[in-house]
Structures are given as structure tokens and as C-alpha cells.
Amino acid sequence: MMLEDSQGNVAFKRIQQRKTDAMLGYCETTRCRRQVLLGYFGETLAIPCGNCDTCQGKVETWDGALAAQKALSCVWRTGQRFGASYLSDVLLGKPTERICRFGHDQVSTFGIGAEHSKKEWESVFRQLVAAGFLLVDLEGGGFRLSPQSRPVLKGDQKIRFRKDPAPVKKGLRFRSGNERRDEYGDPVSMGLWERLRGVRLEIAREKSVPPYVIFHDQTLKEMVASLPRSMAEMRRLYGVGQKKLNLYGNRFLKVIEAHIQEQGIPAELSDTREEPEQTPNLVADVSDSVSDTLTFFRKGMTSEEIAAYRELKVTTVYTHFEKAIEENEISVEEIVSLKKEDILEIEDAFRFQPPEEKGTLRPIFERFQEKYHYGILRCVRAGMLISENAERGLPFDKGKSYDIEDIRKVFPKAYAKWEEADDRSLKREYLKGKSVDELAEMLQRNPGAIRSRLKKWGLEPAHNIQKQIICLAASRKHSGYCIAGKEWQDGRMGQWLRPVSDREFGVLLINDILLDDGKLPKLLDILTCSLTKPVPHPYQSENHAIEKNLPWIRTGEISPSDLSEWCDDVGTLWINGHHSQHGFNDRIPEEIANESLSSSLVLVKPGNVSLLIQEEGYSKKIRAKFDFNGISYCLVVTDPAIERRYLKESAGEHPLNRADVYLTVSIGEPYNGYCYKLVAAII
């Protein structure tokens, strides 16, 4: 991971990766270490040294003849193009999207290696490389069979692999949503906590909502700490509004009373608490106290001055402010001297707390490095709840705390679990430009929930640019995909666009390009995708960064008969005269490409197109041979549909006997000092 995330260029990373693999192979080898080390530097040692740990038999090995045959056969059956992770998945029979796309769920080695784990198979492949039975394809990164592998495949040569040491098991730390050992050192409090959570869960199931919608964990903690015995005492706790008190208060009070009957009242509470029958007017008393605090505040006194004058704690004064905000007597902005953006930042911190911490103050207090007083946080939290009620479209009645039934009168699916279909609809319609209010009405959820869902995905609407493109390339690119096409505006094709990710080479993964109907883009589809900004590099001016959290939408398709008028008016495929070993006019020196080219995609209609299937070393590759404006080309094909069809054919030349053949030709990223021309699509 450190190597992948480093800032070095691609060539540097590849060199370092090969060094890392070589070191791993050296560590795992069962051969004489001196022989391996000298061989790495091009020298030989005729006989083992007799001194290293492998020569002295200090390593545990296992008979790897059968595993080696399976691994080498899998390399051959999959076309000698893939690395250890992919090949291990084939041997284990994992029907991943990529394996199925290449048809390797149909090869004879699919699923024949279930006796080993993926980690063990990856070790086998590394040791085969270290032993010289596999070669690394420097162009593609996959494995190729070496001549030395033939005796192993035929069963004429024995091979042993180093056994991985058994991992040392670390003691597991108990962690779960129920864990409160640190907070409740005594089993009595822990028992009450669990009983209160049980009641909350029962109510939540009855109403089909998450438990924290009934009461937050912080509310239950305050019940455990204060042991309220009346509705008035419970009303003083955080998160207990009058409506929730009326709906759920008695059920929680019964649990607390039963607990008190069994365990009694702790000494620290028994000296100060009032008996239930002595506090019938507690709510009125609290309201009067809040009113007095507000009176002093409106006269210009600070919270500290009010606390000193009334002989209260500052935290108590802020509790009065919190109640006043809940009662809509005063606003957050009047109480706290913070900028609007600071208040919004605190609200966001509350909004995106995990469910088990929902509404609790300490994580927020620590997140802002104790910058804000607990009282300020309580006030902002209260103001946020008032705002959310307003967003739900509910009229505000002074002193009223809204319950889930009230909210669902306006938004029937409020607080219901988000299903996959809901998320797909939200993303699809948001991408089409619907507003938050329109989405709330469509999905029957409150606007606040819509905003929270969008923000959870990290969407920034102001920066999204919706583009329609005609898909003219849906090709293979390293371990992922490359999608490219021309912008589609008012029934006409425009400039080239290549959506890219922030990964190495801009590679797209399946989740990036998955359409809203769960399918993958195909050639000539009209696609709507969300882009954020242009990210060109020297000769790839078409690159635009994708918005990773939004699906692409297929809105139609064009006919192949329309392509002739959309071909690019170019006289040649960039710069010619540079050839690879197996190609022709198929590459450009990197420094020339960087200095001379500004684009990397063209759509052309060539002549005399044929596919050349070649055995290169121990692997097959497909190249397209064709003429364009009197110049001959032979370029590697990266169109997966063509690969699936023709890699099964025998080596040789296969003419495409069609009158109209269109090619999307692109220039890939630099490799060993050259930029290669590739046929990204054959239409």
C-alpha cells in the first residue's frame, strides 16, 4: 500500500515493485539462498553452499508438484496475461465480474484449487517466479511460462514449496455495540443499561425505525446516571421532548422503578433526590428557571455572569439556553457568538456521527480539540433539531416534540431503512437534475434525510458537470476499464471525453462505470455521466475526472450507420515511423508525444482490416492490421469483446470481411520510453 500510494512516477513504482517481489521470492525460496542471490546478479554456483537455512534443512517444505501443475496450467489456460491475485481467484473458483467477462469461469482450471487459500496460492506463484518457472511480462504485468516449466507441467520434475509459518494469534478485544464495560464498571449499572436498551429495541421494532430514533444512547446513559422516577424528572434529560415523554416515558420508568426496587438507590443520589410525589410541578419550576436565565441574558449578561449572579454552574445556564432553543424562545445565533460556517461545521459533525454515538457530545468535543464548550455544543445540537423539524415540513408548536408518526404524516418513508433500490433511484434522479425537494416528494422522505444521504456519498452538486457521451471505446486498461467517447449535444457529436479516476493511469473500476440498471456500458450507447473537472496531461487533453458516487445512465444508442459522418478528419495516426518488435507504426517516443501531441483519441474508417493473432513468447496477443490514408499500421487491440472472440482462434491472420469497419485508436500511458497506439474499439 505504501508503494501504491507513493508519489513516484510509474516507471519508478514498477522497478520498486519488481525489487519487492524479488525480495519476497528470495525469502520464500526452498533453493540454496547463495545460489539464488548469485543468480540474481547473473552469476552461478554449481553446488549448494551447504551453510544457509535451506541447505541445512531448517525450513519446513511441502510437496508442491500438483499445486505447481495447477498454477502453471492456470497461467496457460488464461492466456498468460494475469498476475497472482487474479489467477488465485480462478483456481479458487471465484466467479468475479472480471473472470466471467474474460470467460475464465469456463476454463478447466477454474475451481480446481480449493484445497489452498488465496494467500497460499499467491505464495506458490511467487515461489514459481523465484525458481524460474514463471516469467513476469514487463509490458502487461502478468505471468508467462518459462521453458523450464515444461518438465514440471509434464510431471517429470519434482518441486517443493516453502511452508508459510502459522500466524501468531493475537488476543481478540471484545468490541460491539453493546460494549459499555469502560463506562459501567459495576454490574448493577450495566444491568440497567441493558434493560433500557431492550425496551428501546422493542419500541423501535414496533415502529420499524432504528433504535436511536426512539432515544439516543446519551439519553439512556442519563437515565442510568440519574434514575428518574417521574415523568417530570425524565423530562429534564437530554433528548426527552414532551411528545416522546408521553409516548415512551412510562415504559422506561417502569424498568427504572423495577431496578430501584431490586437494587435500591445509590448513596450519591439518595441524599439529594426528591420523592416522585413531591415533584408534580417540576416542569413549571424548570420553565421558570429558564425564563429567569433568559431575562438576565437579554439584559446583556454573559453566561458566566448569570451563573455567578444566580449561584448556578455555567453548565446549568447553558442547559437553560438549550431548553429555550428547544422551546423556540431564542435562536442559536443569539446564544453563541460563532460564525455561521462554524455552526454549520458543528451541525455536520453531529449529523454524520455513527448510530451508536448519535447525539453524544464527547466525540464532537474531542473532534474539535476542545475548541467549543460543551454548553455551546448542546445549544447547536438543539438548534439543529429545530431546523430539521422545519425541513420536514412540520408546523412548529412551542413546546412540542415531534414523533415519528407526525413526520410520517408528511413523509411516509421517514426513518425507514434505505434499500438499494432507494439509493439507485436517488442517484439516478439527482443526476438528472432533480432538486432536494423534488427528491423528497418522490422518495417520500424528509429533505434533511435526502441531503444527509447525498452528503454521505460526498457529493458536491456545485462542482458536478453532467455530460452525455457516445461510447466509442469500452476497452481493457490494466486491471480495469477505459471508457471514452464523443460528447453528444442536441443530436450532434462534439469533442472527445475520457472519464478517468484518481487511481494510477486513471483506471476505472466496475463500480465507477456501472449503469443505473446494473449493466455495463457498451459501444454506441448514449451515456449520461457526472464529471468534476478536466484533468489533462501532456497528450491526453480529453481526460475529465469522474464523480465516483454517481451511477452512469444509459439514455439511448446510435446506429453504426451514423458513424461515417462522425469520423475524425485526420490525415495520419499522429506520428509514424516508430515500430515495436511485433507491431508497425505502433509507438511514439515519449518525449516527442509530450511535446508534439495534444489529443490521444481518433475515430477512423480504415481499409483492409484484419486481426493478427500472434504467439509472443508463451502468450497470445491480438493486433489489428490495416491501412489508413496509404500508411500501414499494426496495433495492439484492447477491445475485450474482440479478445473474447478471437483469443480462442489459432494463430494467424483473420480478415474482417466487412465493408464498414470503424476503429477507435488511442494513445496509452508511457511505457519504457514510448507511448503506444492501441485499438480501443472495433465497431
Side-chain angles (χ1 to χ4, degrees), residues 101-103 467-477 481-499 508 513-529 542 552-574 599-613 622-649 653-667 677-683:
R101 173 161 53 91
F102 285 114
K467 292 285 188 181
Q468 278 196 318
I469 65 172
I470 302 296
C471 182
L472 297 174
S475 66
R476 170 179 55 83
K477 185 174 186 178
Y481 300 85
C482 175
I483 303 294
K486 290 193 175 186
E487 187 173 0
W488 183 250
Q489 291 180 314
D490 302 322
R492 296 184 301 170
M493 283 195 188
Q495 65 179 350
W496 279 97
L497 291 174
R498 179 191 285 112
L508 300 173
I513 64 175
L514 203 63
L515 302 179
D516 61 324
D517 59 3
K519 297 180 181 179
L520 294 175
K522 63 180 186 299
L523 295 175
L524 304 185
D525 278 348
I526 302 175
L527 304 173
T528 299
C529 55
E542 307 89 352
W552 295 8
I553 300 173
R554 180 182 179 275
T555 56
E557 61 183 339
I558 66 169
S559 170
S561 62
D562 297 331
L563 286 176
S564 58
E565 59 181 297
W566 306 124
C567 288
D568 291 293
D569 185 15
V570 293
T572 180
L573 298 182
W574 302 286
S599 63
S600 62
L601 287 161
V602 293
L603 176 67
V604 296
K605 184 181 180 182
N608 304 318
V609 182
S610 62
L611 297 179
L612 187 62
I613 303 175
I622 302 177
R623 283 180 162 81
K625 286 182 60 180
F626 58 92
D627 298 328
F628 181 66
N629 288 344
I631 301 174
S632 297
Y633 297 89
C634 184
L635 313 181
V636 169
V637 175
T638 57
D639 184 331
I642 298 298
E643 289 179 323
R644 283 195 298 268
R645 178 177 175 185
Y646 284 93
L647 280 176
K648 301 175 183 178
E649 302 291 337
E653 191 168 341
H654 300 260
L656 296 182
N657 298 316
R658 291 170 16 214
D660 294 330
V661 177
Y662 298 89
L663 303 182
T664 297
V665 184
S666 70
I667 302 178
K677 304 172 189 178
L678 306 169
V679 175
I682 298 178
I683 307 172

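Residues Ala681 and Leu523 share a closest heavy-atom pair of CB-CD2, 3.9 Å. Residues Trp552 and Pro521 share a closest heavy-atom pair of CE3-CG, 4.2 Å. The shortest heavy-atom contact between Tyr646 and His654 is CE2-CB, 4.2 Å. Scanning both residues, Ile642 and Ile622, for their nearest heavy atoms gives O-CD1, 3.9 Å. Contact detail for Pro499 and Cys529: the closest heavy-atom pair is CG-SG, 4.5 Å.
A salt bridge (charged side-chain N to carboxylate O under 4.0 Å, His left out) check over residues 561-574, counting only residues at least two apart or in different chains, returns the pairs Lys486-Asp568.
Between Phe628 and Lys605 the shortest side-chain heavy-atom distance does not fall below 4.5 Å. Contact annotation: the side chain of Lys477 never approaches that of Thr638 to less than 4.5 Å [non-hydrogen atoms, C-beta and beyond]. In this structure, the side chains of Val602 and Leu663 stay at 4.5 Å or more apart for every pair of heavy atoms. Contact annotation: the side chain of Ile683 approaches that of Leu563 to within less than 4.5 Å [non-hydrogen atoms, C-beta and beyond]. Residues Trp496 and Thr664 form a side-chain contact, since some pair of their non-hydrogen atoms from C-beta on lies under 4.5 Å apart. Using a 4.5 Å heavy-atom cutoff, the side chains of Leu515 and Leu520 are not in contact. Within the 4.5 Å cutoff, the side chain of Val604 has no heavy atoms near those of the Tyr662 side chain. Pro560 is not listed as a side-chain neighbour of Asp660, based on a closest heavy-atom distance of 4.5 Å or more.
By the side chain to side chain donor-acceptor pair (under 3.5 Å) test, Asn608 pairs with Asp627, sequence neighbours left out. For Ser610, the side-chain contact (heavy atoms from CB on, under 4.5 Å) partners at least two apart in sequence or on another chain are Lys625, Glu653, Pro655. With sequence neighbours left out, Ala624 forms a side-chain contact (heavy atoms from CB on, under 4.5 Å) with Leu611, Phe626, Val637, Val679. A search for side-chain contact (heavy atoms from CB on, under 4.5 Å) contacts involving Arg645 returns nothing, not counting sequence neighbours. Checked against salt bridge (Lys or Arg N to Asp or Glu O under 4.0 Å), Asp525 has the following partners two or more places apart in sequence or in another chain: Lys522, Arg554. Scored by the side chain to side chain donor-acceptor pair (under 3.5 Å) test, Ser559 finds Ser561 as partners (sequence neighbours excluded). When the salt bridge (Lys or Arg N to Asp or Glu O under 4.0 Å) test is applied to Glu542, the partners found at least two apart in sequence or on another chain are Arg498. With sequence neighbours left out, the salt bridge (Lys or Arg N to Asp or Glu O under 4.0 Å) criterion links Glu649 to no other residue. Every residue two or more places apart in sequence or in another chain was checked for a side-chain contact (heavy atoms from CB on, under 4.5 Å) with Lys648, and none qualifies.
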Quiz item: So Arg476 and Glu643, side-chain contact (heavy atoms from CB on, under 4.5 Å) or not? Walk me through it.
Solution: CA-CA 10 Å; Arg476 170 179 55 83; Glu643 289 179 323; 2.6 Å; yes
Practice problem: Apply the test side-chain contact (heavy atoms from CB on, under 4.5 Å) to residues Trp488 and Met493: give CA-CA distance (whole Å), side-chain angles for both, the deciding distance (0.1 Å), then the verdict. | Solution: CA-CA 5 Å; Trp488 183 250; Met493 283 195 188; 4.0 Å; yes
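Remark: Tyr481 OH to Ile513 CD1 distance equals 5.5 Å, nearest 0.5 Å.
Side chain of Tyr633 to main chain of Lys677: no donor-acceptor pair is present (N/O by atom type, distance under 3.5 Å, no hydrogens or angles). Between the side chain of Asn629 and the backbone N or O of Val570 there is at least one donor-acceptor pair closer than 3.5 Å.
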